[in-house]
Amino acid sequence: MSDNSLPSHIKYHQSAVRLIIILTGSVFVINLLVAMVLEMLPPLPRIDIFLLDSALLSTLIFPIFFLLVFRPLLKIMSDLRRSDKELRTLSVAFESKDPILITDAQANILRANQMFLKISGYSLDEIIGKNPRIFKTNRYGRDYYKKMWDELSCRGSWAGETRIRDKQGNEFPIGMVITAVKNNQHVTTHYVASYSM
């Protein structure tokens, strides 16, 4: 199994273990080098040996800690700040005037924006974990939905006009675009349905 196909929590765990092994080995080797250098020097007062030992260790260990700890930590912090900005932008887009519904790969509802809840008459708690079939009308047959899923599987999106039923049982026509969201391995992880009145 390649590193790219592993789940992210396993990759982070492996990276942390690798980092600890490298740091421990580096400190051991540097400590050994410092001890060898101090052995080659003429006898010095005990306080001078401690000061020289500390200065040499700090000088040799700092670049390793900088490269293996501080620099990656700064990159992670920068990535987190960028992700936070992107999430704020997405949350504003999500609460747009168009109704939006998000499901997982098995088509279980994960999220719906306020506009979708308004037109459907449902609360978020009533639809989370349910299949969008709860909005289905009897107007379309099995062929219609098979064609929709075939197109979603092949092209990664489907667009067309459909009808949905709200909580009170009222049916109304609505335009819908469904987009498959894929991960780095091109596996569908979510579906986003955007509706237009």
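All values reported here derive from a predicted model rather than from experimental measurement.
No side-chain heavy atom of Tyr140 sits under 4.5 Å from any side-chain heavy atom of Met148. Here the side chains of Trp158 and Met176 are in contact, with some heavy-atom distance below 4.5 Å. Here the side chains of Ile119 and Ile174 are in contact, with some heavy-atom distance below 4.5 Å. Annotation: side chain of Thr179 is not in contact with side chain of Tyr191 (no heavy-atom distance under 4.5 Å).
One finds a salt bridge joining Arg82 and Asp79 here, because a Lys/Arg side-chain nitrogen approaches an Asp/Glu carboxylate oxygen to under 4.0 Å. In this structure, Lys146 pairs ionically with Asp150, as a charged nitrogen and a carboxylate oxygen lie closer than 4.0 Å.
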Handout entry: Intermediate values then yes/no, side chain to side chain contact (heavy atoms under 4.5 Å, CB included), Phe116 and Ile109
Key = CA-CA 12 Å; Phe116 185 88; Ile109 298 170; over 6 Å; no
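The CZ atom of Arg139 sits 11.0 Å away from atom OH of Tyr144, with the distance rounded to the nearest 0.5 Å. The distance from atom OG of Ser194 to atom CD1 of Ile102, rounded to the nearest 0.5 Å, is 10.0 Å. A distance of 13.0 Å separates NZ of Lys147 from CG of Leu152, quoted to the nearest 0.5 Å. Interatomic distance, CD1 of Ile127 versus CZ of Arg111, reported as 10.0 Å (0.5 Å rounding). Annotation: the span from Thr188 atom OG1 to Asp104 atom CG amounts to 11.5 Å, rounded to 0.5 Å. Lys97 contributes atom NZ, which lies 11.5 Å from atom CG of Asn113 (distance to the nearest 0.5 angstrom).
Seen from the ring of Tyr122, Lys130 does not count as a face-on cation partner, given the 6.0 Å and 45° thresholds.
No more than 12 heavy-atom neighbours from other residues, nucleotides or ligands sit within 6.0 angstrom of CG on Asn184. Within 6.0 Å of the NZ atom in Lys182, the count of heavy atoms belonging to other residues, nucleotides or ligands exceeds 12.
Residues Pro132 and Ala107 share a closest heavy-atom pair of CD-O, 3.0 Å. Heavy-atom minimum distance, Asp166 versus Ser120: CB-O, 3.2 Å. Considering every non-hydrogen atom in both Ile128 and Leu110, the closest pair reads CD1-O, 2.8 Å. The two residues Lys167 and Gly121 have their closest heavy-atom pair at CD-O, 3.3 Å. Across all non-hydrogen atoms, the minimal contact from Leu117 to Ala112 is CD2-CB, 4.1 Å.
Arg165 contributes a side-chain N or O that, together with a main-chain N or O of Lys136, makes up a donor-acceptor pair within less than 3.5 Å.
A single hydrophobic cluster is seen to contain both Ile134 and Trp149, as judged by linkage of ILVMFWY side chains at heavy-atom distances under 4.5 Å, directly or through other members.
A side chain to side chain contact (heavy atoms under 4.5 Å, CB included) with Tyr195 is found for one member of Ile100, Leu101, Asp98 and no other, namely Leu101.
Listed by chain and number, the hydrophobic cluster partners of Val177 come to none, as no ILVMFWY side chain reaches under 4.5 Å of it.
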